[in-house]
Amino acid sequence: MIEVDQLTKEYNGKKVVDQISFHVDQGEIFAFLGPNGAGKSTTVQMLTTLIAVSSGSATINEYDIQRNQKDVRLQIGVALQETGIDNDLTGEELLVLQGKLFGFSHEKAVGRAVELLELVGLSADGKRRAGTYSGGMKRRLDLALTLVHQPTVLFLDEPTTGLDPASRQQIWTEVRRLNEEYGTTIFLTTQYLEEADQLADRIAIINDGKLIAEGTAAELKARNGTERIEVMLEGEQSAEAFRQAFNGRIEKGLVIVPSSGTETLKQVVRYLDEQQVTARSLVVKQPSLDDVFIQLTGQAYKKES
């Protein structure tokens with residue numbers, strides 16, 4: 001559905017996106033991650049025809065983003081970080097207006113508005129001014145606005161930024177429904193690694209304009225993450241002795257040691273028993289996307305400004 005080949009964007013001699021290539025399959029949820037200034041938003045802007053390409057190419061449903069921009073725009077829905085919703089209009093009025101901008105008759109636009117309000121759980125609030133909506137409701141309305149023309153590909157640029165956990169879960173539910181029930185291909189950028197882990201079929205990571213990793217969450221964790229054992233012991237001396245015995249490190253009172261599976265855990269338990277050391281807690285932790293991200297980019301994940 002999306003084919004990207006050596007895509008590059010250059011500003012004042014600096015490549016902010018540097019010859020990246022990847023593809024997104026039809027019906028897939030694809031997460032695109034990267035630290036501040038890595039090139040995520042620039043990539044999205046090129047793919048959605050908002051800015052020009054310096055070199056390379058890309059197609060959306062076989063339409064070239066440079067030569068067939070009008071066709072590309074009919075294929076895609078785009079929800080950027082800022083909703084841009086007119087607070088003086090009702091949710092229904094905004095959806096009807098969007099339909100008319102796409103050439104719908106009044107009757108078709110109204111019918112589509114009713115369908116979409118139901119889809120995103122806003123049927124009871126369609127007659128209310130958008131200015132009275134909560135942040136989560138505005139995000140769901142913005143999602144509905146991107147779907148008026150039934151796009152085959154949906155670009156979501158940090159769709160849950162600033163939302164409380166309950167509202168984030170609602171957006172996740174809607175995204176899954178769009179993907180599973182309607183087969184919509186979704187290109188997602190997010191500041192929440194948990195979101196990518198929960199939603200994405202595949203993940204790509206960009207850093208300094210270059211694509212540095214791609215695969216499923218499980219594949220990325222297997223290739224770049226390390227299982228670890230976290231132990232909290234009674235007393236600083238016990239913790240230091242344990243750290244030295246297992247070549248670990250101490251973070252926030254926890255002694256963290258790399259694990260190679262069941263055998264390492266057996267060794268830890270045996271040590272604690274033989275040394276008669278009391279463990280307040282002992283947890284085996286699988287690698288997370290946060291671990292993968294830090295290992296690949298050298299920094300914790302941050303929201304892009």
Side-chain angles (χ1 to χ4, degrees), residues 1-7 17 20-34 38-50 56-65 68 71-81 119-120 139-140 142-144 146-147 149-160 168-207 210-224 288-289 292-293 296 301:
M1 186 59 72
I2 302 175
E3 291 282 351
V4 177
D5 183 25
Q6 301 292 302
L7 194 64
V17 174
I20 63 171
S21 300
F22 61 88
H23 73 277
V24 180
D25 293 329
Q26 184 175 356
E28 188 172 42
I29 299 179
F30 185 84
F32 197 58
L33 309 178
K40 299 192 307 297
S41 292
T42 302
T43 301
V44 170
Q45 289 171 340
M46 285 191 287
L47 292 177
T48 56
T49 74
L50 294 175
S57 63
T59 60
I60 308 289
N61 201 15
E62 300 186 354
Y63 291 107
D64 188 276
I65 63 170
N68 312 114
D71 294 310
V72 168
R73 290 166 186 163
L74 291 173
Q75 296 292 315
I76 64 174
V78 185
L80 300 177
Q81 294 176 37
L119 175 67
V120 298
R139 284 288 181 184
R140 281 185 280 150
D142 193 44
L143 186 58
T146 69
L147 299 172
H149 60 301
Q150 298 178 304
T152 56
V153 181
L154 184 59
F155 286 88
L156 301 177
D157 193 9
E158 299 192 8
T160 61
R168 276 212 308 275
Q169 288 288 344
Q170 288 179 323
I171 296 296
W172 291 6
T173 298
E174 301 305 333
V175 169
R176 287 194 189 97
R177 186 192 304 179
L178 287 169
N179 177 253
E180 293 171 2
E181 295 185 14
Y182 297 89
T184 307
T185 302
I186 296 171
F187 189 103
L188 169 73
T189 73
T190 176
Q191 62 167 303
Y192 301 110
L193 294 178
E194 178 192 6
E195 189 163 86
D197 208 351
Q198 288 283 330
L199 293 175
D201 298 305
R202 285 191 305 122
I203 297 167
I205 299 176
I206 186 172
N207 192 36
K210 294 182 178 293
L211 206 65
I212 58 173
E214 186 179 351
T216 67
E219 289 169 347
L220 292 174
K221 292 172 188 177
R223 290 200 300 262
N224 303 284
S288 67
L289 274 183
V292 171
F293 193 89
L296 288 172
Y301 199 66

With a sphere of 6.0 Å drawn around CD of Gln26, does it hold more than 12 non-hydrogen atoms of other residues, nucleotides or ligands?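 12 or below, so no.
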Return the minimal non-hydrogen interatomic distance between [X] and [Y], and the atom names on each side.
{"X": "Ala31", "Y": "Ala200", "value": "CB-CB, 3.6 Å"}
{"X": "Ala38", "Y": "Ile206", "value": "CB-O, 3.4 Å"}
{"X": "Pro151", "Y": "Thr146", "value": "CG-O, 3.3 Å"}
{"X": "Val4", "Y": "Ile20", "value": "CG1-O, 3.4 Å"}
{"X": "Lys221", "Y": "Asp197", "value": "NZ-OD2, 2.9 Å"}
{"X": "Ile76", "Y": "His149", "value": "O-NE2, 2.7 Å"}

Could you please spell out the steps behind the side chain to side chain contact (heavy atoms under 4.5 Å, CB included) verdict for Asp157 and Ser41? CA-CA 8 Å; Asp157 193 9; Ser41 292; 3.7 Å; yes
Spacing of [X] atom [atom1] and [Y] atom [atom2] [to the nearest 0.5 Å]:
{"X": "Asn68", "Y": "Ile60", "atom1": "CG", "atom2": "CD1", "result": "11.0 Å"}
{"X": "Arg140", "Y": "Gln170", "atom1": "CZ", "atom2": "CD", "result": "4.0 Å"}
{"X": "Leu296", "Y": "Leu289", "atom1": "CG", "atom2": "CG", "result": "10.0 Å"}
{"X": "Asn179", "Y": "Ile29", "atom1": "CG", "atom2": "CD1", "result": "4.0 Å"}
{"X": "Phe187", "Y": "Thr48", "atom1": "CZ", "atom2": "OG1", "result": "9.5 Å"}
{"X": "Thr190", "Y": "Leu199", "atom1": "OG1", "atom2": "CG", "result": "8.0 Å"}

Applying side chain to side chain contact (heavy atoms under 4.5 Å, CB included), can you list everything that pairs with [X], at least two apart in sequence or on another chain?
{"X": "Thr184", "answer": "Leu154, Leu178, Tyr182, Ile186"}
{"X": "Asp142", "answer": "Ala79, Thr83, Ile85, Leu145"}
{"X": "Gln150", "answer": "Arg112"}

Quick one: list whatever passes salt bridge (Lys or Arg N to Asp or Glu O under 4.0 Å) with Asp64, sequence neighbours left out. Arg67
Treating Arg168 as the side-chain partner and Thr160 as the backbone partner, does any N or O pair qualify as donor plus acceptor under 3.5 Å? no
Closer than 3.5 angstrom, by distance alone: can the side chain of Ser21 be matched with the main-chain N or O of Gln6 as a donor-acceptor pair?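 Yes, the answer is positive, given that a donor and an acceptor are paired below the 3.5 Å cut-off.
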Between Gln75 and Thr152, do the side chains contain an N or O donor and an N or O acceptor separated by less than 3.5 Å?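 Per modelled atom types, Gln75 and Thr152 side chains form a pair under 3.5 Å.
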Results of ring pair (Phe, Tyr, Trp, His ring centres under 6.0 Å) for Phe22 - residues two or more places apart only: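 With neighbours one apart ignored, the set is Phe30, Phe32.
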With heavy-atom distances below 4.5 Å as the criterion, would you say the side chains of Glu195 and Leu188 are in contact?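 Yes - at least one pair of side-chain heavy atoms lies under 4.5 Å apart.
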What residues, two or more places apart in sequence or in another chain, satisfy side-chain hydrogen bond (donor to acceptor under 3.5 Å, both in side chains) together with Glu28?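 Glu28: side-chain hydrogen bond (donor to acceptor under 3.5 Å, both in side chains) contacts with Arg202.
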